[in-house]
Engineer: 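Structure incoming, see below.
Every chain is numbered from 1 and lettered A, B, ... according to where its sequence line falls, protein lines coming before strand lines.
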Number of protein chains: 2
Amino acid sequence: MAISDTLKAISDPVRRQILELLRKQSYAAGEIASQFELKPATVSYHLKLLKEAGLITERKDKNFIYYDLNASVFEEVLSWIYSLKMGGEHDEQK
Amino acid sequence: MAISDTLKAISDPVRRQILELLRKQSYAAGEIASQFELKPATVSYHLKLLKEAGLITERKDKNFIYYDLNASVFEEVLSWIYSLKMGGEHDEQK
DNA sequence: ATTCTATTTAGAAAATAATCAAAATAGAGC
DNA sequence: GCTCTATTTTGATTATTTTCTAAATAGAAT
């Protein structure tokens, strides 16, 4: 929920690719996992981090879990970057 | 120089604070180090990563090394984020 | 030239993160 | 109720990152 979690989440290339996958549509965990040369458990770990950062939401249907992108979380990152670009003030971070 | 390096660089809170410090003006390595409860060698390590990511530049004067922010590197990050927000196409990453 | 002062580099230790295998959960379909 | 199938959780292992101490560099000042 903090900018720290967001930036940590997108610092990993696997997690960025997951977000890119979800750009257009939802996918079930298994469909996401099949895109990588990683075990489902590993992808599940990445999904958990993305979920904790608020970058994706989950939705259960049958015994599938579908994931959706939530790009609104990026607002905080954008304003942090803008504040640097503009040399203006900005909320402190802990 | 790649988006991967930029995001890795800003995923660490110490490095983000360094960038925030440099938002308004340059500081010498020692002045930066004194802002943290970390040894100068450790801060130097963070400065190296920021420099490698292109987020800061260095400039020597006397026996000091001054660092400056280079926020232009964020362009790539901004366009990646926008592409997610808009659901449009975007260059693939490796 | 020797001695400060500022900073980095090298190497080791500590902390964190990513991965996997195996076990656990949960719901679907018989 | 069982038995699939999809997915997550747990615990262990490996890999990466952060931090430190000690040594190295470099230029300034005596």
Side-chain angles (χ1 to χ4, degrees), chain A residues 1-22 25-70 93-94, chain B residues 1-22 25-70 93-94:
Chain A
M1 267 288 183
I3 193 172
S4 187
D5 296 321
T6 310
L7 292 176
K8 211 85 171 256
I10 65 173
S11 73
D12 182 89
V14 170
R15 290 191 291 269
R16 284 199 299 281
Q17 281 184 245
I18 292 174
L19 295 179
E20 289 170 12
L21 237 188
L22 299 176
Q25 49 168 293
S26 313
Y27 285 101
E31 299 175 299
I32 297 170
S34 69
Q35 297 283 120
F36 298 90
E37 297 191 330
L38 292 171
K39 300 294 162 185
T42 301
V43 174
S44 183
Y45 156 79
H46 287 297
L47 289 170
K48 184 178 64 150
L49 295 190
L50 288 170
K51 196 173 20 169
E52 283 170 1
L55 283 162
I56 59 175
T57 57
E58 70 178 21
R59 177 169 47 85
K60 302 183 186 189
D61 187 9
K62 293 184 58 182
N63 51 344
F64 295 88
I65 303 181
Y66 289 93
Y67 286 96
D68 293 277
L69 178 65
N70 175 27
Q93 57 146 177
K94 187 170 60 269
Chain B
M1 270 285 183
I3 193 172
S4 189
D5 296 322
T6 309
L7 292 176
K8 210 82 169 256
I10 65 174
S11 72
D12 182 87
V14 170
R15 290 191 291 269
R16 284 199 301 278
Q17 280 182 245
I18 292 174
L19 295 178
E20 289 170 11
L21 237 188
L22 299 176
Q25 48 168 295
S26 312
Y27 286 100
E31 300 175 299
I32 296 170
S34 70
Q35 297 283 121
F36 298 91
E37 298 191 329
L38 292 172
K39 300 293 162 186
T42 301
V43 175
S44 182
Y45 156 78
H46 287 297
L47 290 170
K48 185 178 63 147
L49 295 190
L50 288 169
K51 196 173 18 167
E52 284 171 1
L55 283 162
I56 60 176
T57 57
E58 72 179 21
R59 175 169 48 86
K60 303 183 188 189
D61 186 9
K62 294 182 56 182
N63 51 343
F64 296 87
I65 302 180
Y66 290 93
Y67 286 96
D68 293 278
L69 178 64
N70 175 28
Q93 57 146 178
K94 180 164 72 273

Engineer: The criterion is side chain to side chain contact (heavy atoms under 4.5 Å, CB included); which residues satisfy it with Leu49(B), sequence neighbours excluded?
Structural biologist: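 For Leu49(B) the side chain to side chain contact (heavy atoms under 4.5 Å, CB included) partners, ignoring immediate neighbours, are Arg15(B), Tyr45(B), Glu52(B).
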Engineer: State which residues pass side-chain hydrogen bond (donor to acceptor under 3.5 Å, both in side chains) with Lys39(A); sequence neighbours excluded, sorted by chain then number.
Structural biologist: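 By the side-chain hydrogen bond (donor to acceptor under 3.5 Å, both in side chains) rule, Lys39(A) matches no residue at all.
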Engineer: I need the CD1-C1' distance between Ile18(B) and dT18(D), as an integer number of Å.
Structural biologist: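 The distance from CD1 of Ile18(B) to C1' of dT18(D) comes to 13 Å, rounded to the nearest Å.
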Engineer: Applying a 4.0 Å non-hydrogen cut-off, can you work out what Ile32(B) is touching in the nucleic acid: base, sugar-phosphate, or nothing?
Structural biologist: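 Nothing, no heavy atom under 4.0 Å.
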Engineer: Let me know, please, whether Lys62(A) or Glu37(A) comes out on the 5' side of the other along DNA chain C by nearest nucleotide.
Structural biologist: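 Nearest-nucleotide comparison on DNA chain C picks Glu37(A).
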Engineer: Measure CG/Leu50(B) against C1'/dT17(D) and give the value in whole Å, please.
Structural biologist: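 Roughly 14 Å, once rounded to whole Å.
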Engineer: List in chain and number order the residues that pass side-chain hydrogen bond (donor to acceptor under 3.5 Å, both in side chains) with Gln35(A), two or more places apart in sequence or in another chain; answer none if no residue qualifies.
Structural biologist: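 Checked Gln35(A) against side-chain hydrogen bond (donor to acceptor under 3.5 Å, both in side chains); zero matches.
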Engineer: Walk along DNA chain C from 5' to 3' and tell me the first and last nucleotide with an atom closer than 4.0 Å to a non-hydrogen atom of chain B.
Structural biologist: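 First and last nucleotides in contact are dT5(C) to dT9(C).
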Engineer: In Å, rounded to the nearest 0.5 Å, how long is the span from CG of Leu21(A) to CD1 of Ile56(A)?
Structural biologist: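 One gets 11.0 Å once the value is rounded to the nearest 0.5 Å.
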Engineer: Side chain of Asn63(B): nearest nucleotide among dA28(D), dT18(D), dT21(D)?
Structural biologist: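 For the Asn63(B) side chain, the nearest candidate turns out to be dA28(D).
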Engineer: Using a heavy-atom cut-off of 4.0 Å across all strands, would you classify Ala28(B) as base, sugar-phosphate, or nothing?
Structural biologist: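 It contacts sugar-phosphate atoms only.
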Engineer: Just by protein heavy atoms under 4.0 Å, how would nucleotides 8-15 of chain D read 5' to 3' in B, S and -?
Structural biologist: BB------
Engineer: Please list, chain by chain and in numerical order, all residues satisfying salt bridge (Lys or Arg N to Asp or Glu O under 4.0 Å) with Lys60(A), sequence neighbours excluded.
Structural biologist: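 By the salt bridge (Lys or Arg N to Asp or Glu O under 4.0 Å) rule, Lys60(A) matches no residue at all.
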Engineer: Measure the shortest side-chain to side-chain distance between Ile32(A) and Leu22(A) over non-hydrogen atoms and say whether it is less than 4.5 angstrom.
Structural biologist: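 Ile32(A) vs Leu22(A): side chains touch.
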Engineer: Rounding to a whole Å, what distance do you find between Phe64(B):CZ and dG27(D):P?
Structural biologist: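 Checked: the CZ to P distance equals 14 Å.
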Engineer: Applying salt bridge (Lys or Arg N to Asp or Glu O under 4.0 Å), name anything that partners Glu31(B), two or more places apart in sequence or on another chain.
Structural biologist: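 Residues passing salt bridge (Lys or Arg N to Asp or Glu O under 4.0 Å) with Glu31(B): none at all.
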Engineer: Can you list everything that forms a side-chain hydrogen bond (donor to acceptor under 3.5 Å, both in side chains) with Asp68(A)? Sequence neighbours excluded, please.
Structural biologist: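 With sequence neighbours excluded, Asp68(A) shows a side-chain hydrogen bond (donor to acceptor under 3.5 Å, both in side chains) to Ser26(A), Arg59(A), given in chain and number order.
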